[in-house]
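Here it is, the structure in full.
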Amino acid sequence: MPEQTRLTPEMLVPRIGEYLIKKGKLTEEDLEKALTYQRQQVSNGNSRLLGETLVDLGLIERSDLDATVTEQILRLRGALQAANRNLERRVKERTAELQEALHRLNELAQLKANFISNISHELRTPLTHMKGYIELLVTGSLGPLTEDQAHALQVSQHSTNRLESLIDDLIMFSMASRGELTIKQEPTEIMTLSEICVKSAQQKAESRGVTVHIAADEDLPLVQIDPQKMSWVISQLLDNGIKFTPAGGMVVVNLRKDSDKLVNVSIVDTGIGIPPERMKEVFEPFHQLDGSSTRRYGGTGLGLSLIQEIIEAHGSIIDVKSVEGRGTTVKFPLLISASD
Ligand SMILES: Nc1ncnc2c1ncn2[C@@H]1O[C@H](COP(=O)(O)OP(=O)(O)OP(=O)(O)O)[C@@H](O)[C@H]1O
Ligand SMILES: [Mg+2]
């Protein structure tokens, strides 16, 4: 910043005496005289401005004092205007920098979504081949197997299934980040859909000593949903319930008719729960409450963020209630199909 535009305390509280000396309107001795007089006055309880004191003592003319004060006010105003202009320029520069950074950030987000999408599709093709051959081996179509071989293949099959669901999650995530998550709603039997989800979660639940069942009202009406995406949502919520519930606990899918318009779906577990202050975090993509390197529960932390997107894309809203050490309830209403 140029010297003349910098606002200094001297400029804001002008030292009138020195300024008058500089301008040749006052001598140092006269200034000293006035200052001594001013100090005396102050100690007697009469505070006087220096300019006024100089005029009172006849050391300068009032017109000279007025002209000097005016000059100083003008200088001050000039300095303020310059400082304002400078500030405006800096704000403009910063705004442009921030806009550029935002633009770069959007570009990067797009690149990331594209990358995840491409890599996920690339991973899927070889995986399909692996799954196909493992299936042929498991069913004995390529010859008889020893017990050890059968066991090894079962483990491989389990792993390829996990890999496949992880890739599906990543594809869903990249679709959601690019705003391509399309929902194709149709009248659907939520009971049948939930039964299929529970059935495929059953094995995992049993291996962990957790029971899973459905508690539903009779004669539930059809709901207006995207059946594929809603199965994914319920399966993910069952997966969470089972994963975060210690052995001996249970996970229940409740299906309750709420009114003429809604069916409430809730997935209730008796698991470890979520601390209230961390409730917000669980909806952030790739966020897991146990972020340690010795994570006990597995997964990528994508589930709930996508579940929320899918439920909201259905025009609904997700509600999570949890008590630490007691369990978690995830609830959302679904619209009853108009044809029902
Ligand atoms: N039912 C639950 N009980 C306790 N904690 C839960 C429950 N559901 C989710 N959480 C917490 O929220 C985090 C995020 O859940 P989310 O489903 O998004 O990810 P994840 O299950 O860890 O991984 P992914 O779903 O990708 O396999 C979990 O890691 C866990 O800490
Ligand atoms: Mg999950």
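Note that the structure is predicted; figures quoted are calculated from it, not measured. Just follow the structure's listing: the first ligand is 1, and inside any ligand the first atom is 1.
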- Side chains of Asn161 and Lys131: is there a donor and an acceptor less than 3.5 Å apart?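 Checked: Asn161/Lys131 side chains pair up, N/O donor to acceptor below 3.5 Å.
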- Item | Working for side-chain hydrogen bond (donor to acceptor under 3.5 Å, both in side chains), residues Glu135 and Gln157 | CA-CA 8 Å; Glu135 183 70 24; Gln157 201 166 33; 3.0 Å; yes
- Could you tell me if any non-hydrogen atom of Gly273 lies under 4.0 Å from any atom of ligand 1?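 Flag set, Gly273 near ligand 1.
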- Message: Show me which atoms of ligand 1 lie under 4.0 Å from any heavy atom of Val282.
- Response: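 Checking each atom against Val282, I get 11 (C), 12 (O), 14 (C), 18 (O).
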- Proximal candidate to atom 4 (C) of ligand 1 [heavy atom criterion; set Phe244, Phe286, Phe283]: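 Checking each option, the heavy atom nearest atom 4 (C) of ligand 1 is found in Phe244.
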- Are any of the side-chain heavy atoms of Ile16 and Thr68 separated by less than 4.5 Å?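 A side-chain contact exists here, since the closest heavy-atom pair is under 4.5 Å.
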- Query: With backbone taken as N, CA, C and O and side chain as the heavy atoms from C-beta onward, which portion of Ile307 lies under 4.0 Å from ligand 1: side chain, backbone, both, or neither?
  - Reply: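 It is neither; nothing of Ile307 touches ligand 1.
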- Query: Would you say Asp169 has any N or O atom under 3.5 Å from an N or O of ligand 1, going by distance alone?
  - Reply: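 No, there is no polar N/O contact under 3.5 Å.
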- Task: Could you list which atoms of ligand 1 come closer than 4.0 Å to a heavy atom of Leu289?
- Result: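 So the answer, numbered in order with elements, is 29 (O), 31 (O).
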- Message: Looking only at distances, can you tell me whether any N or O atom of Asp239, backbone or side chain, sits closer than 3.5 Å to an N or O atom of ligand 1?
- Response: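 Checking ligand 1 against Asp239, no N or O pair falls under 3.5 Å apart.
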- Query: Hey, is Arg278 one of the residues with a heavy atom under 4.0 angstrom from ligand 1?
  - Reply: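 Judged by the 4.0 Å heavy-atom criterion, Arg278 does not count as contacting ligand 1.
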- May I ask you to identify, for Glu281, whether its side chain, its backbone, both or neither come under 4.0 Å of ligand 1 on a heavy-atom basis?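 For Glu281, there is no contact with ligand 1 at all, from either part.
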- Item | Sub-3.5 Å N/O-N/O distance, Gly301 and ligand 1 |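 Yes, there is a polar N/O contact under 3.5 Å.
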- Query: At under 4.0 Å between heavy atoms, which part of Leu304 makes contact with ligand 1: side chain, backbone, both or neither?
  - Reply: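 The answer is both.
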